[in-house]
Amino acid sequence: MAASAMMLSASTVKAPAGGKPISDHLIGIFFEDISSSADGGLSSELIQNGSFEFSPIEHDGWGPGTAWKMSRPGHSLGNMLIKQQDPIHHNNPTYIRLEAERTREFKDYQGWRGFGLQNDGFDGISVKGGDKYDFSVFLRNAGKNHMTVRVALVEPQGWGKYPELLADTTLTISSQKWEKYFGELTPSKTCTNASLILLLLDPGAVDIDMVSLKPADTYKGHGLRKDLVETLAALNPKFMRFPGGCIVHGGGDGFWNTYRWKETVGPKETRKQQKNCWGYHQSFDLGYPEYFQLCEDLGMEPLPILPSGVNCQGSNGGWGMWPEQAQDACDMEDMEMWTQDALDLIEWANGDINTKWGRIRAEGGHPEPYNLKYLGIGNEEKISPEFNERFKYMYDRITKKHPEIIIVGTAGPGSHPGNPDYDNGWALAHELDIPILDEHYYEPHEYFMKARQYDSYPREGNTKVYLGEYAAKDKKLIDALAEGLYLLHVERNGDIVDMTSYAPLFARKNAINWNPDLIYFDNENVFPTCSYYIQKMFGNSSGNYFYGDCVSIENPDKSEGDGYLQEQSVVLDTKRGKLYVKVCNATANEKTAHVDLSRFKPKGKATKTVISGNPEDENNFEAQPVVPVTETVKATGKFDLRIPPYSFTMLEYRL
């Protein structure tokens, strides 16, 4: 390393002495479809159960008609039938046949007539006046007459009153084969509780499936909800782990409910929908093409996680009465299927268009390879002999054919030293020389304030740590600061910890399965937590060198265990020519930090960002009391920095 910082170009610098090389992709995100994060969330689809595939297996009382109700203005008469004969695709077997008997308009019905269906979306359909919305549906004429279908976006006015029309279009249906129809709706005003109505205007019968309404304005035109993706983009994440989580290996339901990536890559009408282990429906409108496209749009490395032939130990009462009976393992002869799924995924992501799966990717609209580098096998399974045998089978086959792919293993749930799964997971990692091992733990904030476990991790061997799921068990400022203290510790150990991701990522306001989450939302709003802003600061201050001797804190407060309640980090990004100083104070005591950056020769201006408040402050649906405050300050080589009580401070320099 050079003895002093030297400018190489407008953005590249050499690292001065005293730095330790660390991972420059420490902060990523983990997306799991929990708390309605996909349907009704990141997917921009506004219609619930548009494919009529809801089932009582998923929820008592659910069925094909869930989220729909009959609409018959003008005293129209008709019938609704649930059908599965000759569907659009065998993966999407259920559709609705509407049979209209009488559709004439009666006096004083304000132009409304017809027989059909109404959908209120997810807690109402939220639309903006003047914006365009793309409608599509598969229809088939089931009778002899040409049929006219009116598609109307309306604002309900209450019982006994006719809805206010916001936008409508009409479709003429003549074909007795399934055809896809399109329309554009532009509402006349903003409405947060709109409904979509489909009405047959003539006597006759029409088959209906795959009803869809999406805003035309989605993130980069790729079908995802714009404000939610923008909130993710602001984190500047370096990778995304997906699709789970518990849903990868069947959650608590068994192998039948395992996530099958191949069933999510075709056209939407061919994707096989199923129960989500968190108790609701997965339409797979958000599937592997959308995950990979999101990674490409945000400059993230994709990290897909695949089943390992062993299902979740939460099955069969495994978290409770019979844990020793919970984990099911497939027969070893079935491991070829699971392994081939992994090999086919690599081909789908990286193969050229002359390969089978590369051609399928290209036919889906992405001819260029995605350049997949990482692949996870398993998700926090119990590290049993059965798991070890199946993991080894997959690991050996995949690495032999694709040595370029970085395999991520698992250390099981509760990844703490002394936990049997943790110990067994690390033993397997060292035996196989697994490149990265995924650790998970959720703890009260006191744990993150006192634990500094990575300081003592052995550096021999090649296995790095991926802290794939972690969070303090609340969402107050003190919890976020505890996570900040811990991330400074992780950053200091960025030579052994390669990646981290907070979990869970998203939660819909009225459909929460887990607390806390990083980002809450409803149909119109996004509600970032205090932890979100800490993650954002770390995500936007990544670098490839750590300096531990540039900041000293006067009289730091010692916590129980190994941690201090004030921590600091100095990180240099030589590729972009940026330097970051981060200091966290998780106490009521104001502190002073002595900062010496003279070796970096900073000049000009620096950006200072501070998060502070009362420790019990919490960003919620009513108020956001904790937000970063940013100012511009003079850049100097040596100075004293005031550290407010209960605060996180970051200084950013351009060298």
Side-chain angles (χ1 to χ4, degrees), residues 29-69 119-127 192-196 211-215 223-229 231-232 242-248 251-253 257 259 273-287 290-291 314 442 469 471 473-475 502-529 531-532 618-622:
I29 57 176
F30 162 46
F31 182 88
E32 178 174 13
D33 187 2
I34 182 174
S35 301
S36 295
S37 295
D39 295 329
L42 194 58
S43 166
S44 64
E45 178 60 67
L46 299 174
I47 300 302
Q48 185 174 184
N49 192 22
S51 58
F52 308 105
E53 296 297 332
F54 276 40
S55 165
I57 292 175
E58 301 166 320
H59 193 282
D60 287 345
W62 277 11
T66 298
W68 293 93
K69 51 190 171 185
N119 192 289
D120 299 333
F122 300 88
D123 302 318
I125 298 174
S126 183
V127 295
T192 61
N193 66 329
S195 300
L196 185 77
V211 183
S212 174
L213 182 70
K214 293 186 175 185
L224 300 187
R225 181 171 153 177
K226 195 171 183 179
D227 57 346
L228 292 184
V229 181
T231 306
L232 294 183
F242 61 90
C246 291
I247 67 172
V248 166
D253 291 313
N257 199 216
Y259 195 104
Q273 305 180 26
Q274 67 179 34
K275 176 187 176 183
N276 182 297
C277 70
W278 296 105
Y280 53 90
H281 185 82
Q282 295 176 97
S283 75
F284 296 119
D285 185 76
L286 181 59
E290 290 75 28
Y291 286 129
Y442 300 92
E469 294 185 35
K473 290 186 174 180
D474 209 339
K475 49 186 180 290
Y502 182 105
L505 183 63
F506 281 125
R508 183 176 173 84
K509 179 179 177 181
N510 293 330
I512 297 172
N513 296 115
W514 185 285
N515 265 311
D517 305 278
L518 194 65
I519 302 162
Y520 294 82
F521 64 91
D522 61 19
N523 285 346
E524 294 84 37
N525 305 292
V526 182
F527 307 97
T529 61
S531 294
Y532 170 85
E618 177 182 322
N619 291 349
N620 53 42
F621 305 125
E622 287 74 38

Closest contact, heavy atoms only, Phe527 versus Asn620: CD2-O, 3.7 Å
Nearest heavy-atom neighbours spanning Asp123 and Arg508: OD2-NH2, 3.1 Å
Side chain to side chain contact (heavy atoms under 4.5 Å, CB included) evaluation trace for Asn257 with Gln274: CA-CA 7 Å; Asn257 199 216; Gln274 67 179 34; 3.4 Å; yes
Donor-acceptor pair between Glu53 and His281 side chains, under 3.5 angstrom: no
Ser44 to Pro215 - nearest heavy-atom pair and separation: O-CD, 3.4 Å
Distance in Å, Thr231 OG1 paired with Arg225 CZ, rounded so as to fall on 0.5 Å steps: 8.5 Å
Step-by-step side chain to side chain contact (heavy atoms under 4.5 Å, CB included) determination, Ser35 to Asn513: CA-CA 5 Å; Ser35 301; Asn513 296 115; 3.6 Å; yes
Donor on one side chain, acceptor on other, Asn619 and Thr529, under 3.5 Å: no
Backbone of Ser43 reached by a side-chain donor or acceptor of Asp285 within 3.5 Å: no
Phe284/Tyr259 aromatic ring centres below 6.0 Å: yes
Side chain to side chain, His59 and Tyr280, heavy atoms closer than 4.5 Å: no
Nearest heavy-atom neighbours spanning Leu232 and Ile519: CD2-CD1, 3.9 Å
Residue pair Leu505 / Ser37, side-chain heavy-atom distance below 4.5 Å: no
From Ser283 atom OG to Ile47 atom CD1, the distance as rounded to the nearest 0.5 Å: 12.0 Å
Non-hydrogen side-chain atoms of Tyr502 and Ser531 separated by less than 4.5 Å: yes
Spatial distance of atom CG (Leu42) from atom CG (Asp227) [nearest 0.5 Å]: 10.0 Å
Shortest non-hydrogen contact from Gly63 toward Pro56: CA-CD, 4.4 Å
Heavy-atom side-chain proximity of Glu32 to Cys246 below 4.5 angstrom: yes
Separation between CG of Asn193 and CD1 of Ile125, rounded to the nearest 0.5 Å: 10.0 Å
N/O donor-acceptor pair under 3.5 Å between Asp474 side chain and Pro516 backbone: no
Test item: Gln282 side-chain N/O and Gln273 main-chain N/O as donor-acceptor pair under 3.5 Å: no
Backbone of Ile34 reached by a side-chain donor or acceptor of Asn276 within 3.5 Å: no
Student check: side-chain heavy atoms of Ile29 and Phe506 closer than 4.5 Å: no
Sidechain-backbone polar pair: Asn119 side chain, Ala67 backbone, donor-acceptor under 3.5 Å: yes
Minimum side-chain heavy-atom gap Lys509-Asn525 below 4.5 Å: no
Heavy-atom check, side chain of Ser126 versus side chain of Thr192, under 4.5 Å: yes
Point-to-point distance, once rounded to the nearest 0.5 Å, from CG of Asp120 to CH2 of Trp68: 9.5 Å
Donor-acceptor pair, side chain of Trp514 and main chain of Ala503, under 3.5 angstrom: no
Test log, rule side chain to side chain contact (heavy atoms under 4.5 Å, CB included), inputs Trp62 and Asn49: CA-CA 11 Å; Trp62 277 11; Asn49 192 22; over 6 Å; no
Contacts of type ring-ring contact (aromatic ring centres under 6.0 Å, His included), residue Tyr291, not counting sequence neighbours: Phe31, Phe242
Non-hydrogen atoms of Glu45 and Val211 that approach each other most closely: OE2-O, 4.3 Å
Nearest-0.5 Å distance that lies between atom CZ in Phe621 and atom CG in Asn510: 7.5 Å
